[in-house]
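The figures here come from the full heavy-atom set of this structure, side chains too, leaving out hydrogens, waters and symmetry mates.
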Amino acid sequence: MNSCEEDRSTDVPAENPNAQKYQRIVDKFMEAGAVGVNIAVISPAGTWSGSGGLADREKNIKMTTDNRLRIGSMTKMFAATTVLKLQEEGLLNIKDKINKYLPHSITDRIANANDVTIEQCLNHRAGIRNYLPDIASGVFDGSIANYSAEQTLQLIYDKPADDPVGKGYYSNSNYLLLSLIIKKVTGKESYQVVNEKVITPLGLKNTSASTQLPALLTRSYYSETTDGALTDVTDIDNNGIGGEGAIDGGMISTASDIVTFTESLLTNKLLSPASMQQLQTFVDNDPNRLEPDLKYNKQYGLGLMKLDTNQGVALGHDGHVFGFGGKSYYFPQQKVTICILLNTWSPKVVALLNAKDTFNLFF
């Protein structure tokens, strides 16, 4: 097992007073059946990162804190930050309807799209159809690979909305529409803009918003049942969200970079006070739309989840793709930021990741 004690060249010193406590969290995920895990923490006591398990099971390559993992919907925090930065520059206004920026050749084909604002896309209250059910079979059988944001949106053309405008909860399609808006107002691909506005200024050298896969990207593993064997699903992950402009969930990073970004964003180091106020304008989630073990996910802001945990409020985002999972949250009361990244999706691993009590282990 690899930990910060073994990886001193890349990790902070093991003298962190909470190092053993944090390493036990790594161990718990390994005991739950994870193939590999990366965890990072920023707290008043210092910064810590550690890892366990394998980056590549077949080749028996150990997971290190330098290994990259897909971060899934944690990407939405980067996307929302980028949109708000463009608003600060006067290139858009989140109160505008999206058809001010997108052609009717797109918005006329997507139910609700002529009636919703950028803000409603950011906080998932546009009611627009989530593309995931329309893309799944093609990704699994290999007929869909690396679709761009625009190609993916075409899968929901002329199909009914999921909810009325202003209602509903969570549609990845919203962020693909935002991807096209970013491209429209900047003349650049949205991934390039995320790099320019967020990744490069923060010096996140291990974070990738790109269609190019980094050399240290781990393999990913999946099992649908508790006792089932874990299957390598790396190619399915790459095909499903490997296309241009997938700012709904396509980014790749390390726990250390994501915890740095989350802490920077939520301690007011990236956005203006006015943007931070908008970022944290929360709407209530319908508990009937949430998974049973995520009922504590009470509200959603602009690309930002607000949790009601045993440790108080937590702000950040979860992220899942087929064989990856994780979360990154800032606890303002304790000034602690945590990130967990896994290259495994299985019922036991996801149950531990989602459990409200898992946050207690960091405190």
- Task: For K28, enumerate each residue passing the side-chain hydrogen bond (donor to acceptor under 3.5 Å, both in side chains) test, keeping only those at least two apart in sequence or located in another chain.
- Result: none
- Item | Test log, rule side-chain contact (heavy atoms from CB on, under 4.5 Å), inputs Y191 and T82 | CA-CA 10 Å; Y191 271 158; T82 300; over 6 Å; no
- Message: Could you check, using the six-membered ring where one of them is a Trp, whether F331 and F362 have ring centers closer than 6.0 angstrom?
- Response: no
- Task: Provide the full list of ring-ring contact (aromatic ring centres under 6.0 Å, His included) pairs with a residue in residues 203-231, sequence neighbours left out, each pair given once.
- Result: Y222-F322, Y222-W345
- Query: Looking at K183 and E150, does any basic side-chain N land under 4.0 Å from a carboxylate oxygen?
  - Reply: no
- Would you please say whether a donor-acceptor pair under 3.5 Å links the side chains of S253 and T207? yes
- Task: Without swapping roles, check the side chain of T75 against the backbone of I247 for a donor-acceptor pair under 3.5 Å.
- Result: no
- Salt-bridged, D163 to R289, with N to O below 4.0 Å? yes
- Query: More than 12 heavy atoms of other residues, nucleotides or ligands under 6.0 Å from CD of Q212: is that the case?
  - Reply: no
- Message: Tell me whether T117 contacts the main-chain N or O of K95 through its side chain, where contact means a donor paired with an acceptor under 3.5 Å.
- Response: no
- Using 30° and 60° as the class limits, which term best fits the ring planes of H317 and Y170: parallel, tilted or perpendicular? tilted
- Message: Looking at K167, I want to see if its NZ is surrounded by more than 12 non-hydrogen atoms of other residues, nucleotides or ligands under 6.0 Å.
- Response: no
- Between Y22 and N16, is any side-chain donor less than 3.5 angstrom from a side-chain acceptor? no
- Query: Looking only at heavy atoms, what is the nearest atom pair of Y101 and L91, with distance?
  - Reply: CE2-O, 4.0 Å
- More than 12 heavy atoms of other groups within 6.0 Å of K306 NZ: yes
- Begin from the C-alpha positions of S275 and L279 and carry the test side-chain contact (heavy atoms from CB on, under 4.5 Å) through to its verdict. CA-CA 6 Å; S275 293; L279 182 82; over 6 Å; no
- NZ/NE/NH1/NH2 to OD/OE distance under 4.0 Å, E119 and R125: no
- Message: Quick check against the 3.5 Å criterion: does D56 have a side-chain atom that pairs as donor or acceptor with the backbone of I61?
- Response: no
- Message: Looking at K356, I'd like to know if its NZ atom is crowded, meaning that more than 12 non-hydrogen atoms belonging to other residues, nucleotides or ligands lie closer than 6.0 Å.
- Response: yes
- Task: May I ask you to decide if L155's main-chain N or O and K159's side chain share a donor-acceptor pair within less than 3.5 Å?
- Result: yes
- How far apart are the C-alpha atoms of N67 and N38, what are their side-chain angles, what is the distance that settles it, and do they pass the side-chain hydrogen bond (donor to acceptor under 3.5 Å, both in side chains) test? CA-CA 8 Å; N67 279 112; N38 272 347; 5.9 Å; no
- Find out if a path of hydrophobic residues (ILVMFWY) with successive side-chain heavy-atom gaps under 4.5 Å connects L216 to L54. no
- Message: Is it the case that the side chains of D162 and N130 hold a donor-acceptor pair, with the cut-off being a distance below 3.5 Å and no angle test?
- Response: no
- Item | Sequence neighbours excluded - salt bridge (charged side-chain N to carboxylate O under 4.0 Å, His left out) pairs with any residue from residues 211-225 | R219-D232
- Tightest non-hydrogen contact, residues G36 and N343, listed as N-OD1, 2.8 Å
- Task: Keeping the roles fixed (side chain from Y300, backbone from D284), state whether a donor-acceptor pair exists under 3.5 Å.
- Result: no
- When you measure from the side chain of K97 to the backbone N and O of V116, does any donor-acceptor pair fall under 3.5 Å? no
- If you measure from the Lys or Arg side-chain nitrogens to the Asp or Glu carboxylate oxygens, is any gap between D237 and R70 under 4.0 Å? no
- Message: One thing to verify: whether E88 and K197 come together as a salt bridge, which I'm taking to mean a side-chain N less than 4.0 angstrom from a carboxylate O.
- Response: no
- Item | Option from I94, N123, L177 for which side-chain contact (heavy atoms from CB on, under 4.5 Å) with I118 holds | I94
- Establish, from distance only, whether the side-chain atoms of T337 and T262 form a donor-acceptor pair under 3.5 Å. no
- Message: Using a 3.5 Å distance criterion without hydrogens, assess whether the side chain of H124 forms a donor-acceptor pair with backbone atoms of S171.
- Response: yes
- Carefully, step by step, assess N206 and S256 under the rule side-chain contact (heavy atoms from CB on, under 4.5 Å). CA-CA 9 Å; N206 297 322; S256 292; over 6 Å; no
- Considering residues, nucleotides and ligands other than K269, do more than 12 of their heavy atoms fall under 6.0 Å from its NZ? yes
- Message: So if I apply the side-chain contact (heavy atoms from CB on, under 4.5 Å) rule between L353 and each of L342, T344, D293, D318, which one comes out positive?
- Response: L342
